[in-house]
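Small disclaimer: the values here were computed from a predicted structure and weren't measured. Every number for a ligand or one of its atoms is a count from 1 in the order of the listing.
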Amino acid sequence: MSRKPFIAGNWKMHNTVEESVNLIEGLKAAKNKNNADIMVAPSFTSLSAVVRASAGTGFKVAAQDCYYEDKGAFTSQVSPVQVKGTGATHVILGHSERRSLFGDTNEVLNKKVAAALNHGLVIVFCVGETLEQREGGKTEEVIKDQLVNGLKGFSAEQLKDLVIAYEPVWAIGTGKTATPEQAQDTHKAIRAMLAEQLGKEFADGVRILYGGSVKADNVDAIMAKEDVDGVLVGGQSLIAEKFNRIIDYN
Ligand code: 13P
């Protein structure tokens, strides 16, 4: 089954509006020789400006999170309606930093998934285990729980545009990348879980991205793996030349 590659940059809490627009200008130099979907996820503050700066590029613009209510007295939260209003089309949900630092449980994420789907945002849903969980042999159990409870109540049809990102927590921002074999093994396991949960057709078509210390000199080997359909890049997505090299992986 051929799945369109998906290369995404999560800018996290970096870049002013001006820096964000400059970064988009730098990314226009990528050839996109693999005909990948390219997504960038700036801070909320830069979403509108990045949407405007990306006009004509085909870049998909994502929020890094959204709340599950449409509006109301929820100081500091940003709703899917507001995200859509910027022109962004995608949203990252369940990033491990959201899970570990800001209390995004599977139950909260399930509500966020509902709200994002309700407003037609394409979701990049993140899963992944901590080092302790991996060493304790719990990787698959943890990820299964994240998938089953985070995506509970939705059909394959409702989730047809969903993208999964596997980001082992121990590989995020640590310089420790999962080996291509570790990524492949876990992606294959995730595809099998999704086949059980949402059917084989869904599982065969869904794109699963790897994230965690992806860089120019490891992307080729990771992307060569059968069940790796793309990458979700943090640090190296902030430097145009580096991210362009990742976009144009071999
Ligand atoms: P790094 O690429 O900086 O390890 O971050 C990965 C990540 O968390 C992307 O969402």
When every non-hydrogen atom of Ala183 is compared with those of Val228, the smallest separation belongs to CB-CG2, 4.4 Å
Carboxylate-amine/guanidinium contact Lys225 Asp185, below 4.0 Å:
no
State the atoms of ligand 1, each with its element, that fall below the 4.0 Å cut-off from a heavy-atom position in Leu232.
9 (C), 10 (O)
If you look at every heavy atom in Phe59 and Ser54, which pair is closest and at what distance?
CD1-OG, 4.0 Å
Could you tell me how the ring of Tyr210 sits relative to the ring of His187: parallel (under 30°), tilted (30 to 60°) or perpendicular (over 60°)?
tilted
Return the residue, atom name and 0.1 Å-rounded distance of the protein heavy atom closest to atom 2 (O) of ligand 1.
Gly234 N, 2.9 Å
Result block: side-chain N/O donor-acceptor pairs under 3.5 angstrom for residues 189-197, not counting sequence neighbours:
unit_1, atom_1, unit_2, atom_2, d
Arg191, NE, Asp227, OD1, 2.6
Arg191, NH1, Ala203, O, 2.9
Arg191, NH1, Val206, O, 2.7
Arg191, NH2, Asp227, O, 3.2
Arg191, NH2, Asp229, OD2, 2.7
Glu196, OE2, Lys144, NZ, 3.2
Gln197, NE2, Leu147, O, 3.1

Should the proximity of Asn10 to ligand 1, defined as any heavy atom under 4.0 Å, be assigned to the side chain, the backbone, both, or neither?
side chain
Quick look: Lys12 vs ligand 1, heavy-atom contacts under 4.0 Å, and the answer is side chain
Which ligand 1 atoms, with their elements, are less than 4.0 angstrom from a heavy-atom of Gly212?
4 (O), 6 (C)
When you measure from atom 10 (O) of ligand 1 to each heavy atom in Glu167, Glu97, Gln236, which option holds the nearest one?
Glu167
Quick one: does Gly211 get an N or O within less than 3.5 Å of an N or O on ligand 1?
no
Side chain, backbone, both or neither: which applies to Ala171 and ligand 1 if a contact is any heavy-atom pair less than 4.0 Å apart?
backbone
Report yes or no: do His95 and Glu167 form a side-chain donor-acceptor pair below 3.5 Å?
yes
So with a 6.0 Å cut-off around CD of Glu132, is the heavy-atom count from everything else above 12?
no
Nearest-contact summary for atom 3 (O) of ligand 1 - protein heavy atom, Å
Gly235 N, 2.9 Å
Any idea which atoms of ligand 1 are less than 4.0 Å away from a heavy-atom of Ser213?
1 (P), 2 (O), 4 (O)
